[in-house]
Participant: 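Would you mind keeping the following structure in view while I ask a few things?
FYI, side chains are in, hydrogens and waters are out, and symmetry mates aren't considered; it's all heavy atoms of this structure. Atoms within a ligand are numbered from 1 in the order they appear, just like the ligands themselves.
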Amino acid sequence: MIRFEQTLTNFLLDHQEKYNRTYNFLILMDALISAAKHIEHYYLTGALKGNLGLAGNVNVQGEDVLRMDQIAQEITVHYLRASGRVIHAISEESEKIIPINTEGGRYFVYFDPLDGSSNVPHGLPVGFLFGIAKRNLEGSEDGHLRAGKDYIAAGMFVIPTGTFTLALKDAGTWRFHTDETMDFVKPVRMILSEDTKEWELSFNPAHRHTYAKNVQNWIEQNERKYVFRYLGSLAGDFHRILSNGGMFMYPAIVNDPNPKKNRPHGKLRLMYEAAVVAFMCREAGGIAVDETGTPTLDLQPKEPHQRTALYVGSKPLVDDIARVLLR
Ligand code: FBP
């Protein structure tokens with residue numbers, strides 16, 4: 001007897017029918033899956049084809065653009081356009097909002113097509129992160145930037161491991177397995193572990209002396225209680241936190257000896273990095289806050305590439321550091 005696993009499409013169909021929704025979301029998810037698989041192919045063959053180097057230009061954040069950033073961007077916009085379901089998109093790789101099907105589209109998509117740029121030249125784990133919001137179906141739509149709490153879904157692919165995790169509003173965070181046909185199957189619900197022995201701490205230790213004193217002190221007092229892990233790609237590090245519990249943090253940088261390097265508003269981008277993992281964390285029973293202890297999902301973006309500090313993970317641990325942040 002052949003054993004058949006529930007496929008992603010079956011899973012989404014059940015979800016849509018359970019909540020009496022249309023199939024538009026499946027078509028959008030199919031586009032995102034195709035984009036991620038296509039990007040993964042280029043990443044896996046990147047060293048051979050010489051695509052892991054610099055592209056020669058600088059992006060809106062003032063960072064050197066990688067050839068793979070351009071490839072991932074081009075692939076993602078192609079599939080979002082082909083889906084016909086997207087009003088506009090916001091991407092780390094595009095300064096301006098990308099108008100797609102502004103009249104007939106149904107969703108807004110906020111994405112980082114290749115997150116974890118310091119890992120790219122080495123072919124090490126990077127992420128494809130996305131958040132989805134839906135247009136106002138009851139009245140007029142002004143296309144305003146959505147806060148994370150208004151997202152209907154968020155997800156991430158860890159590339160090149162091919163792991164895919166998807167969170168749906170009020171319906172949990174689900175990690176999929178890859179079957180022999182490279183299809184995503186057998187969704188497993190992710191609930192953050194309450195077993196503190198498994199918890200991990202994840203942050204860039206090279207920066208710890210540039211964080212606010214109260215954050216440095218919190219790390220001093222707590223770091224020996226937990227295992228420390230840092231991959232240098234948000235998707236990879238958050239993937240571990242979802243599995244083992246604990247906390248990933250990218251605090252504000254406020255005490256760098258070279259003031260030019262300070263990042264009082266954090267490094268990570270709110271709409272397509274921090275809010276994405278915060279949404280997935282909430283649906284897995286955790287929370288996320290910024291440098292003021294404000295819930296990340298409540299932060300209303302003022303501009304597409306707004307940055308934020310991020311503390312995300314198991315509620316007791318994030319609550320504990322939030323008490324320090326609020327002081
Ligand atoms: P990019 O989108 O430019 O890759 O920046 C995001 C990121 O790479 C995250 O994935 C990661 O958590 C963080 O920056 C690593 O930053 P650092 O190298 O300062 O530790």
Participant: To which protein heavy atom is atom 10 (O) of ligand 1 closest, and what is the distance rounded to 0.1 Å?
Facilitator: D115 OD2, 2.5 Å
Participant: Backbone N or O of D179 within a donor-acceptor pair of the D183 side chain at under 3.5 Å?
Facilitator: no
Participant: Does either side chain, that of E17 or that of Y23, offer a donor lying less than 3.5 Å from an acceptor on the other one?
Facilitator: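 Note: E17 and Y23 side chains meet the donor-acceptor criterion.
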Participant: Tell me: protein heavy atom nearest atom 20 (O) of ligand 1, and distance?
Facilitator: Y230 OH, 2.5 Å
Participant: Considering only NZ, NE, NH1 and NH2 on the basic side and carboxylate oxygens on the acidic side, decide whether R135 and E103 come within less than 4.0 Å.
Facilitator: no
Participant: Tell me, which protein residue and heavy-atom name are nearest atom 16 (O) of ligand 1, and how many Å apart are they?
Facilitator: K267 NZ, 2.9 Å
Participant: Can you pull out the closest protein heavy atom to atom 5 (O) of ligand 1? Residue, atom name and distance to 0.1 Å, please.
Facilitator: R269 NH2, 3.4 Å
Participant: Taking non-hydrogen atoms only, is F248 closer than 4.0 angstrom to ligand 1 via side chain, backbone, both or neither?
Facilitator: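 The part of F248 near ligand 1 is the side chain, not the backbone.
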Participant: Checking a contact table here: which protein heavy atom is nearest atom 2 (O) of ligand 1, and how many Å away?
Facilitator: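 Minimum-distance protein heavy atom for atom 2 (O) of ligand 1 reads E92 OE2, 2.9 Å.
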Participant: With a distance cut-off below 6.0 Å to the six-membered ring centre and an angular limit of 45° from the axis, does R282 pair with F279 as a cation-pi contact?
Facilitator: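 Yes, a cation-pi geometry holds between R282 and F279.
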Participant: Can you tell me which residue and heavy atom of the protein come closest to atom 3 (O) of ligand 1, and the distance to 0.1 Å?
Facilitator: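 Result: S117 OG, 3.1 Å.
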Participant: Would you call the rings of F184 and F157 parallel, tilted or perpendicular, where under 30° means parallel and over 60° means perpendicular?
Facilitator: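 Ring orientation, 0 to 90° scale: tilted.
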Participant: Give me the nearest non-hydrogen protein atom to atom 19 (O) of ligand 1 as residue plus atom name, then the distance to 0.1 Å.
Facilitator: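 Protein heavy atom with the smallest distance to atom 19 (O) of ligand 1: Y250 OH, 2.6 Å.
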Participant: Verify side-chain contact (heavy atoms from CB on, under 4.5 Å) between M190 and M280, making sure each step is shown before the conclusion.
Facilitator: CA-CA 9 Å; M190 305 300 290; M280 298 172 75; over 6 Å; no
Participant: Within the side chain of Q300, is there an N or O that forms a donor-acceptor pair under 3.5 Å with the backbone of L145?
Facilitator: yes
Participant: What is the closest protein heavy atom to atom 8 (O) of ligand 1, and at what distance does it sit?
Facilitator: G116 CA, 3.3 Å
Participant: Charged N to carboxylate O under 4.0 angstrom, R208 versus E220?
Facilitator: yes
Participant: Would you check the N or O atoms of D237, main chain and side chain alike, for any that come under 3.5 Å of an N or O of ligand 1?
Facilitator: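 No, D237 has no N/O under 3.5 Å of an N/O on ligand 1.
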Participant: Report yes if E273 has an N/O atom closer than 3.5 Å to an N/O atom of ligand 1; otherwise report no.
Facilitator: yes
Participant: Go through ligand 1 atom by atom and flag the ones less than 4.0 Å from a non-hydrogen atom of L234.
Facilitator: 9 (C), 10 (O), 11 (C), 12 (O)
Participant: For D112, counting its heavy atoms only, list the atoms of ligand 1 lying under 4.0 Å from any of them.
Facilitator: 2 (O)
Participant: Show your working on salt bridge (charged side-chain N to carboxylate O under 4.0 Å, His left out) between K315 and D319 and close with a plain yes or no.
Facilitator: CA-CA 6 Å; K315 190 170 183 323; D319 278 343; 2.6 Å; yes
Participant: I'd like to check whether L114 has a polar contact with ligand 1, where a contact means an N/O of the residue lying under 3.5 Å from an N/O of the ligand.
Facilitator: no
Participant: Centre of F164's six-membered ring, under 6.0 Å away, within 45 degrees of the axis: is that where NZ or CZ of K37 sits?
Facilitator: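 Negative - K37 is either too far from the ring of F164 or too far off its axis.
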Participant: Between N204 and ligand 1, find which residue part has any heavy-atom pair under 4.0 Å and reply side chain, backbone, both or neither.
Facilitator: side chain
